[in-house]
Number of protein chains: 2
Amino acid sequence: MIENGASNEAGAGTGGEADLHADPYAAVLRPVRSGNTFEETVEKVLQLIRLGLVPVGDRLPPERELADRLQISRVTLREALKVLQDAGVLEVRRGRYGGAFVLAPAPSPAAASGGEELRRRVEELGDRLEDTLLFRQVLELGAAELCAERTPGGAEADRLRQLLAETGAATLEEYRRLDTRLHLAIAELSGSPSVAAQYAAVRATVNDLLDCIPLLPPNLQHSQLQHEELVDAILSGDAPRARAAMHEHLAGTAALLRGFLS
Amino acid sequence: MIENGASNEAGAGTGGEADLHADPYAAVLRPVRSGNTFEETVEKVLQLIRLGLVPVGDRLPPERELADRLQISRVTLREALKVLQDAGVLEVRRGRYGGAFVLAPAPSPAAASGGEELRRRVEELGDRLEDTLLFRQVLELGAAELCAERTPGGAEADRLRQLLAETGAATLEEYRRLDTRLHLAIAELSGSPSVAAQYAAVRATVNDLLDCIPLLPPNLQHSQLQHEELVDAILSGDAPRARAAMHEHLAGTAALLRGFLS
DNA sequence: TTCCAATGGTACAAGGCCATACCTTTAAAG
DNA sequence: CTTTAAAGGTATGGCCTTGTACCATTGGAA
């Protein structure tokens, strides 16, 4: 006998709990591609910007290098850049020492508008908000732990200390960018490129939300204390403490977001 | 599969430590697509099989449904199925109640050949072996913790208990498949579809390696004790204990692999 | 026996994406 | 002022992917 179709539970009125049986393939049968190449490319470039890896005023790598590293044709890359140019995100200049320069975001009242813009973007995310926050937590706690376990020393430790110091000395304007870089460095020091790449993607989304929230000096100060505890734990090779520090740190962010959503 | 050119440091004597500064974009500038649509589709279908979601003898969902869920055209899907058919992985039958049926793997001496085949596949993975194992650990520990935190009850708890029982009663033949289903269920109960999807992908790779190793009854028994501890911790809502149980469980697998590689 | 519905099999035209080669612009270097 | 290297801009032909429609096969239901 050949069975296949959704095996139906005679499940009583317990509600959605039978969903577990409903779709055994849910984890695998997702879209092979999340849009056409061009759309995915736009997202990638936006990631570079939202993560602050290419600060305002700086320029992206040359088209040829970008296309090469993203494994797409230059034609397709240029279509993506064109869109970002039209959207006022990039300014493209020709000639030697030209390139695609990151423009300052429009002085939108995003951060000033309270939860207005935030709610709009959260709505856009839909069900994926919880997924995003949970996935971020899994990655970030795991990265902190792995990083502490391998206990960076030498140049790697110096790099972490440097990033910590820079983040601590940051102005309100720069803080998000430097905070992101510190976290991303930890993800990279986890030793798993996959962890780093997934974290980069999810953090770009989170930054998009956080940019709708005004950053207050007390938050910043509190956050920096947690950074210090985190880095100290990592450099001491104390994985559980690193994990705990990161957990507390993330709880702060989550609370901030939830506060503005209610 | 398309490989990434490894960026070579002209690195002085200090070794790879300067890598941190070398490529600030490493986490973002990865290939937008890991091959053409057709190749990725082959991988997806193989995932269904390697994870045991479609057991030997059963058939895949109809082409139209698969194409729809993977968001690809039926033409492309059929190209992928054709390859798997030619490879002896699938048998395709026409007419009503036809479909693509999963064939038993060739009676290759994979498991019997000791570390022979395993070493070949590990070589194929190259640098990504460590990445795979670390990423798996991050996902699996995170999933166990999240799952315990939300403490499944009712039908969800029943489902976990059922999977645990089935896994415990499994023959050597079925064990890998049922073990995978239990772990995947926990990943899904984490509440984060991203965690589940990433776990599915990474576990398919891991299974590919584990299938090269003969499974011994003692390993199996030990493993099942850990499963019981894990599920008990989850159903008790004891996140740290769930995490610890999972950690011990994973250590066993890792040791097994390393043992056969040395 | 006849019909029907579910499933795989095939064809074709339109659009997406790519590799490649070449052109244009720019500013520093000589 | 001229040269030159590095960057963006453009054009062409071909393969990949898709959407749509229709054909062929099969086994159960009527």
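To find a chain, count down the sequence lines: A is the first, B the second, and so on, and within it residues start at 1.
- When distances are taken from the side chain of A/Phe38 to each of D/dT17, C/dA27, C/dC17, the shortest belongs to C/dC17.
- Put simply, CD on B/Glu63 is 15 Å from C1' on D/dT18, counting in whole angstrom units.
- A donor-acceptor pair under 3.5 Å is absent between the side-chain atoms of B/Arg59 and the main chain of B/Gly99, judged by distance alone.
- Side chain B/Arg74 to base C/dG9: a donor-acceptor pair is found below 3.5 Å.
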Item to complete: Step by step, work out the side-chain hydrogen bond (donor to acceptor under 3.5 Å, both in side chains) result for A/Glu166 and A/Gln162.
Response: CA-CA 6 Å; A/Glu166 287 178 8; A/Gln162 184 194 336; 2.9 Å; yes

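- Look at CG on B/Leu77: it is 15 Å from C1' on C/dT10, rounded to the nearest Å.
- In this structure, A/Arg59 reaches the sugar-phosphate backbone alone: every heavy-atom distance under 4.0 Å involves primed, P, OP1 or OP2 atoms, never a base.
- OP1 or OP2 of C/dG9 has at least one side-chain nitrogen or oxygen of B/Arg78 nearer than 4.0 Å.
- B/Val92 comes within 4.0 angstrom of sugar-phosphate atoms only, judged by non-hydrogen atoms across all strands, and of no base.
- Residue B/Leu66 contributes atom CG, which lies 13 Å from atom C1' of C/dT7 at whole-angstrom precision.
- Closest-nucleotide positions on DNA chain C for B/Ala100 and A/Gly95 were compared, and the one nearer the 5' end corresponds to B/Ala100.
- Taking atom CZ on A/Arg93 and atom C1' on C/dT24, their separation rounds to 18 Å, with Å as the unit.
- Contact annotation: B/Thr37 side-chain N/O to D/dT17 OP1/OP2 distance is under 4.0 Å.
- Among the atoms of the strands shown, base atoms are found under 4.0 Å from some heavy atom of A/Arg64.
- Under 4.0 angstrom from either OP1 or OP2 of D/dC16 there lies no side-chain N or O belonging to B/Thr76.
- Taking atom CD on A/Glu39 and atom P on C/dG16, their separation rounds to 11 Å, with Å as the unit.
- Protein atom CG of A/Leu60 is 13 Å distant from nucleotide atom C1' of D/dG8, rounded to whole Å.
- A/Arg94 contributes a side-chain N or O that forms a donor-acceptor pair with the base of C/dT24 under 3.5 Å.
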Practice prompt. May I have the step-by-step check of salt bridge (Lys or Arg N to Asp or Glu O under 4.0 Å) for B/Asp211 and B/Arg121, ending in yes or no?
Written response: CA-CA 11 Å; B/Asp211 284 343; B/Arg121 299 199 191 180; 6.0 Å; no

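- A salt bridge does not link A/Lys44 to A/Glu40: none of the charged nitrogens lies less than 4.0 Å from a carboxylate oxygen.
- The CD atom of B/Gln85 sits 14 Å away from the C1' atom of C/dT7 (whole-angstrom rounding).
- B/Thr205 pairs by the side-chain contact (heavy atoms from CB on, under 4.5 Å) definition with B/Leu125, B/Thr132, not counting sequence neighbours.
- Rounding to whole angstrom units, CZ of residue A/Arg96 and C1' of C/dG30 are separated by 12 Å.
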